[in-house]
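Quick note on labels: first sequence line is chain A, next is B, and so on, each numbered from 1. Just so we're clear, the structure is a prediction, and the values are computed from it rather than from any experiment.
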2 protein chains.
Amino acid sequence: MDVHLRDLRYFVAVAEELSFTRAAAERLSISQPALSKQIRQLETRLRTELFDRSDGTVSLTAAGEALLPHARKMLAEWADAAASVGEAAAASQQTVWIGLHTRAGHALVHAVAADVEARLPGWRAEFRQVGGTDPAAGLADGGVDVAIAWLPVPGGAGLSARVITTEDRWVSLPAGHRLAGRTTIVFADLHDEPFIALPAAAGPMREFWLALDQRGSPPVVAGEAATAEELFDAVAAGIGIALLSEGNTDVYRRDDVVHRRVVDLPPCELAALWRSGDRRSAVRVVVDACERAAAGRAPDQHE
Amino acid sequence: MDVHLRDLRYFVAVAEELSFTRAAAERLSISQPALSKQIRQLETRLRTELFDRSDGTVSLTAAGEALLPHARKMLAEWADAAASVGEAAAASQQTVWIGLHTRAGHALVHAVAADVEARLPGWRAEFRQVGGTDPAAGLADGGVDVAIAWLPVPGGAGLSARVITTEDRWVSLPAGHRLAGRTTIVFADLHDEPFIALPAAAGPMREFWLALDQRGSPPVVAGEAATAEELFDAVAAGIGIALLSEGNTDVYRRDDVVHRRVVDLPPCELAALWRSGDRRSAVRVVVDACERAAAGRAPDQHE
DNA sequence: CGGTGGCCTAACCTCCGGCAATGGACGTGC
DNA sequence: GCACGTCCATTGCCGGAGGTTAGGCCACCG
């Protein structure tokens, strides 16, 4: 009778991809049998077939066509609902949640928190680490009011961004790597190296940190890592190399890994993001605070 | 991240009742701990409290107030979606689903089926038995296009009805009951008898078959039964008595139970119901067919 | 004709959602 | 003041849902 919104998400994914395998792997990060089973179950619940899989290809039935707009609308409605709830909770608790897509230094966190407190007396800023695979860094489902993340952010529809700093991209190498002794490294040196990539679910972020734009041929992906720890463990083990931002070379310093500047890569941009429709003053204050903190200035006490 | 629509239904129930215990028992037919756990889980997912249970009473928090309209909208949207899908499926399969709230005789079923087939060449009428506790007899979630049910039907908002027959109400007694030998029975004779009632979830239907309108004091409810078999087993066992429609006295004839007319009760009405917004010709044809079949006339071949 | 791609089925594992019983906080009546 | 009733939370348990991997069937293609 009722339905799980997840099932509708699955349905929309298949309807848009017109392929179970691709929808499962590339958009939903589940196995294809799991997806097939869920769709079957949805069809059973509705007592009708939603897809025609007869002729080797997948297409929507009339019933599927009827469901699709409703499913999209319900998913959008839930995003709205979660955002509304988050805003109401923030207002009554006087708390702003900030999601960190990368591990920012404690300096930035503290500066932002202090600045918010100074400009919004009685309010607090809370920080939450969000996984790199979360498409909108926790903004979409309302759990986070402002996100600090590297551009590009996948699923960025409906999000606004302000770049708060730009940094050069460096490369992380195992300690004994042939390039570890070089003083200057250009991307051509790395072109054929095996890379540790972000999970496929990260979408454009994965492509950016593989420097796909700078390549003529597909990269060699030797492994995937969802967290920074996994990433540098893989680098240290010699499985592959990876790009990172200059600021993170300090944060993730370790003995078995060396970081070197790549001189000819376009820099990466750290941005503060918020929901475009979110016009609360608290959000604007936080974004401003992020910008000031990233600029290295302390919150200006009496400008 | 995603949410189960059931949880939103639970939330709306508690928000409207402002009581966990009542919402669980009277509206959702689940236990109170299950409801509490689900609401807690929803709150955890949204990372905020939806209800304030601190001062012995239950009230909505600001976040709860923010969620309520969205939740209602999503539930309505899903009802729409299910109806749309059902209509699309019916159109492409040329099938009309008819839900039976009570066990109608095969005569009625066959007459309707034949009539539909005669007037909508290529179409079929399929019948499904729906439980008495289903608020809208399967109409709400689109699984059924036309329902045949006794009035009043709970949750009847958005439904249209046409009365297709009226019948006197009789009473079902165990074989040796003191009233079994009486020729005429008035409701006053039954007033203090223990009754077998429909489950509380049946709402106004339960009240109607307890003849609540004809009483000055609350009825004695000796037990509940969800199916006809349970009901007459309970009557035969002497646990209590129950009202039924005249037509059903034939359908449910058995040795250990006797049926007697109650001469002074208002009759009951059997109706064909459909979704008010559903203007498909197939639905109209079926409703007409129900009316003709109930009137005892065969489908008019060449009127 | 064998390889490949794509969906389905089967077996299994984990965790969620339900129930029953119990506990604790608070208001109420004698 | 104390026993009691009411109502929500907690605990322990069980069945089913949702996920995984492994393997099968079928169409297409070189």
Check: With sequence neighbours left out, what residues match E17(A) under salt bridge (Lys or Arg N to Asp or Glu O under 4.0 Å)?
Finding: R22(A), R27(A)
Check: Quick one: salt bridge (Lys or Arg N to Asp or Glu O under 4.0 Å) partners of K73(A), sequence neighbours excluded?
Finding: E77(B)
Margin query: Once you apply a heavy-atom cut-off of 4.0 Å, does S19(B) come out as touching a base, just sugar-phosphate, or nothing?
Written below: sugar-phosphate
Checklist line | Those residues that, when tested against L244(A), pass side-chain contact (heavy atoms from CB on, under 4.5 Å) (two or more places apart) | finding: W170(A), S172(A), F232(A), N248(A), T249(A), H259(A)
Next item on the list: With sequence neighbours left out, write down each residue that passes side-chain hydrogen bond (donor to acceptor under 3.5 Å, both in side chains) with E126(B), or none if nothing qualifies.
Entry: R124(B)
Next item on the list: May I have all residue pairs that pass side chain to side chain donor-acceptor pair (under 3.5 Å) and include part of residues 5-14 of chain A, sequence neighbours excluded?
Entry: D7(A)-Q38(A), R9(A)-D2(B)
Margin query: Output the rounded distance in Å from CG (L28(B)) to P (dC8(D)).
Written below: 13 Å
Next item on the list: Assign a letter to each nucleotide of nucleotides 18-28 of chain D from its 5' end: B, base within under 4.0 Å of a protein heavy atom; S, sugar-phosphate only; -, no contact.
Entry: BBBBB------
Next item on the list: Identify, with sequence neighbours excluded, every residue that meets side-chain contact (heavy atoms from CB on, under 4.5 Å) alongside V221(B).
Entry: A197(B), R206(B), L210(B), P219(B)
Item checked: Rounded distance (Å) that lies between atom C1' of dC7(D) and atom CD of E26(B) -> 14 Å
Note to self: Below the 4.0 Å mark, does dA9(D) have OP1 or OP2 next to a side-chain nitrogen or oxygen of S36(B)?
What the structure shows: yes
Check: Could you state the CD1-P distance from I39(B) to dA9(D), rounded to the nearest angstrom?
Finding: 10 Å
Note to self: Main chain of W97(B), side chain of D145(B): is a donor-acceptor contact present, judged purely on distance under 3.5 Å?
What the structure shows: yes
Check: Could you give the start and end, 5' to 3', of the contact zone on DNA chain C for chain A, using atoms under 4.0 Å from its heavy atoms?
Finding: dG6(C) to dT9(C)
Checklist line | Strand contacts (DNA chain C) in residues 58-68 of chain B, 4.0 angstrom heavy-atom criterion | finding: none
Check: In whole angstroms, how far is the P atom of dC8(D) from the CD atom of E49(B)?
Finding: 14 Å
Next item on the list: Would you please name every residue forming a salt bridge (Lys or Arg N to Asp or Glu O under 4.0 Å) with R72(B), sequence neighbours left out?
Entry: E16(B)
Notebook entry, point to check: Got a donor-acceptor contact below 3.5 angstrom from the R215(A) side chain to the H191(A) backbone?
Noted result: yes
Next item on the list: Sequence neighbours left out, what passes side-chain contact (heavy atoms from CB on, under 4.5 Å) with E65(A)? Give chain and number order.
Entry: L60(A)
Checklist line | side-chain N/O R53(B) vs dC7(D) OP1/OP2, d < 4.0 Å | finding: no
Next item on the list: Apply salt bridge (Lys or Arg N to Asp or Glu O under 4.0 Å) to E43(A) and list each qualifying residue two or more places apart in sequence or on a separate chain.
Entry: R40(A), R53(A)
